[in-house]
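The structure appears below as structure tokens.
Per chain, numbering begins at 1; letters A, B, ... match sequence-line order.
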There are 2 protein chains.
Amino acid sequence: MKIDPKKPADLSVQIAQSIRDAIISGRLIVDERLPSEAELSDQFQVSRPTVREALKRLAAQSLIRTQRGATGGAFVNRLSYQDAYSQQITTSTLLLSMNAVSFETACEARYSLERACATLSAERRTADHLATMRAEIFRQAQPGLTDEAFCASDVTFHRALVDGAGNPVLSYQLAGAVEAMQPLMNMITFTARSREEIIVLHNQIADALDRRDAAAVDSALVDLEAYTRKLALDVAKQRRKPTE
Amino acid sequence: MKIDPKKPADLSVQIAQSIRDAIISGRLIVDERLPSEAELSDQFQVSRPTVREALKRLAAQSLIRTQRGATGGAFVNRLSYQDAYSQQITTSTLLLSMNAVSFETACEARYSLERACATLSAERRTADHLATMRAEIFRQAQPGLTDEAFCASDVTFHRALVDGAGNPVLSYQLAGAVEAMQPLMNMITFTARSREEIIVLHNQIADALDRRDAAAVDSALVDLEAYTRKLALDVAKQRRKPTE
DNA sequence: GACTTTTAAATGTCAGACAAATGAAATTTT
DNA sequence: AAAATTTCATTTGTCTGACATTTAAAAGTC
């Protein structure tokens with residue numbers, strides 16, 4: 001492993017890139033220990049702080065983990081679905097909040113993807129997935145639930161629907177779309193009336209999944225999307241005329 | 001901004017978390033300049049190298065950018081779709097390669113998502129998207145094209161299809177699914193015969209999009225998925241009996 | 001006024017040191 | 001001999017202080 005000492009970017013960027021390439025290409029395999037920081041600074045002919053900055057960059061992406069002590073060091077990390085989920089969620093959330101993505105755009109993306117899962121979920125969902133969904137519907141019907149708690153339950157419900165497809169890659173992709181919507185959803189005030197409507201639709205979805213009726217799931221999701229967009233539109237209207 | 005000097009994790013992790021929270025919560029807004037490294041080390045009561053490690057973590061996630069010079073410093077970065085794409089692709093690629101995701105699982109996820117876009121794309125695709133797809137089909141028919149170049153063209157084709165939906169959030173979500181498949185696709189040897197088949201299906205997709213026939217696009221995508229899985233299966237068979 | 005030079009501020013890098021954690025080896029105790 | 005304890009070497013985490021490099025603005029020059 002060597003780097004170009006003069007040409008383009010900062011040294012720590014180059015070193016991070018070099019190690020990243022080694023991991024992606026498979027020259028460094030999972031759980032393999034990297035040379036110690038002292039050895040790396042020798043190899044790359046840079047100081048230890050520079051090596052450390054490079055390692056911190058990789059750690060921030062969950063590509064390595066570090067451990068102190070005699071047998072410690074930096075190890076190539078197996079990127080778990082959990083790690084990937086949370087990175088995906090952070091990125092998606094920031095992307096939406098920093099780029100002023102409209103509610104309509106985010107909502108459309110989310111429900112399009114979710115409907116893609118629904119067909120598979122109707123086929124493969126287990127009793128467990130259904131039980132989770134029923135439990136969340138029950139929770140959503142509780143009086144005195146805060147809007148945040150209602151939203152959180154909504155996310156759990158939809159994740160169960162997605163997980164029912166039995167495809168972890170799909171679940172990972174959807175995690176971002178569903179969870180990144182949450183800050184936007186939290187701006188909605190859910191009245192008792194609108195909660196009722198949503199629960200009706202949730203029940204339709206659960207019932208349809210129960211009898212493995214993909215078309216009915218899809219149709220209920222379309223209705224749910226339409227209703228969600230209507231709610232958001234009402235909020236926007238209220239904001240424009242706050243006195244009325 | 002303060003940190004707990006004794007409790008849980010490393011200082012640079014705490015500092016990074018503290019600044020990250022400030023960005024996500026909106027206390028630091030886009031293009032705002034952070035205090036200089038010297039000022040931050042004063043504020044957090046840590047040394048400059050520690051502050052720098054924290055900043056490098058944030059830079060690795062594209063949350064900040066740094067600039068040298070008199071008016072330089074660290075600035076809150078607007079997470080562009082481009083940045084989000086590339087992070088998404090890196091994460092998805094690693095997730096697939098490190099967790100031995102089967103070709104079937106990845107393929108199913110990809111085509112499920114892609115079909116979700118196709119309906120919207122049939123409605124909204126512009127002449128530009130169609131032109132890109134036709135151009136890529138033409139390229140794919142060129143003799144002497146390497147397998148890698150064929151795959152790359154395939155990715156461009158499918159991205160045009162996805163972009164046709166006119167929803168940047170969808171495009172972002174799909175980027176990971178489509179591009180992360182490429183290393184897996186590269187393991188397939190595309191014979192002249194199989195390229196012909198794929199081009200036929202690509203043409204079906206382009207034609208269907210041309211006349212805005214969502215059902216026909218969907219059907220062609222289903223066929224393409226089935227054919228892709230068949231090709232992968234053949235490769236796997238060949239590997240098991242290399243002498244036959 | 002336009003151009004050049006200087007200067008100050010900021011990040012990037014380096015060197016050397018100490019602190020803290022940690023597992024393994026060496027030692028002592030039972 | 002086995003178990004518990006201590007020592008010890010290794011490695012990451014952090015600090016201090018310094019120098020190099022970049023950059024834009026201020027000062028100076030024609």
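Each of B/Thr91, B/Leu96, B/Thr90, B/Thr93 was scored for a side-chain contact (heavy atoms from CB on, under 4.5 Å) with A/Leu79, with one residue passing: B/Thr91.
Protein chain B contacts DNA chain D from D/dG13 to D/dA24, reading 5' to 3' and using non-hydrogen atoms of the protein with a distance under 4.0 Å.
In this structure, A/Asp10 atom CG and C/dA10 atom P are separated by 18 Å, rounded to whole Å. Distance CG (A/Asp42) to P (C/dG16): 12 Å, rounded to an integer number of Å. Atoms CG (B/Leu58) and P (C/dT11) sit 14 Å apart, rounded to a whole Å. In this structure, the CZ atom of A/Phe44 is 13 Å from the P atom of C/dC14, given to the nearest Å. Whole-Å rounding puts the A/Arg52 CZ to C/dG16 P distance at 18 Å. Atom NZ in A/Lys56 sits roughly 17 Å away from atom P in C/dG12 (whole-Å rounding). Computed from coordinates, the B/Glu39 CD to C/dT11 P distance equals 9 Å when rounded to whole Å.
In summary, A/Lys56 and A/Glu53 do not engage in a salt bridge, as defined by a charged side-chain N under 4.0 Å from a carboxylate O.
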Does the pair A/Glu225 and A/Arg110 meet the rule for a side-chain contact (heavy atoms from CB on, under 4.5 Å), with working shown?
-> CA-CA 9 Å; A/Glu225 179 182 354; A/Arg110 173 189 160 163; over 6 Å; no
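Within the 3.5 Å criterion, the main-chain N or O of A/Asp31 finds no donor-acceptor partner in the side chain of A/Arg78. Judged purely by atom type and a 3.5 angstrom limit, A/Asn167 uses its side chain to pair as donor or acceptor with the backbone of B/Thr105. In terms of modelled atom types and a separation under 3.5 Å, the side chain of B/Arg33 and the main chain of B/Gly72 share a donor-acceptor contact.
Backbone-only contact: A/Arg33 has heavy atoms under 4.0 Å from sugar-phosphate atoms and none from a base.
Classification of the A/Tyr85-A/Tyr172 ring pair by plane angle, with boundaries at 30° and 60°, yields parallel. Using cut-offs of 30° and 60° for the angle between ring planes, the B/His202 and B/Phe157 rings count as parallel.
Nearer to the 5' terminus of DNA chain C, by closest-nucleotide assignment, is the contact made by B/Glu37 (compared with the other of B/Glu37 and A/Arg48).
Listed in residue order, the members of residues 68-76 of chain A having a heavy atom less than 4.0 Å from DNA chain C are A/Arg68, A/Gly69, A/Ala70, A/Thr71.
Closest of all the heavy-atom pairs between B/Ala38 and B/Arg48 is N-CD, 4.3 Å.
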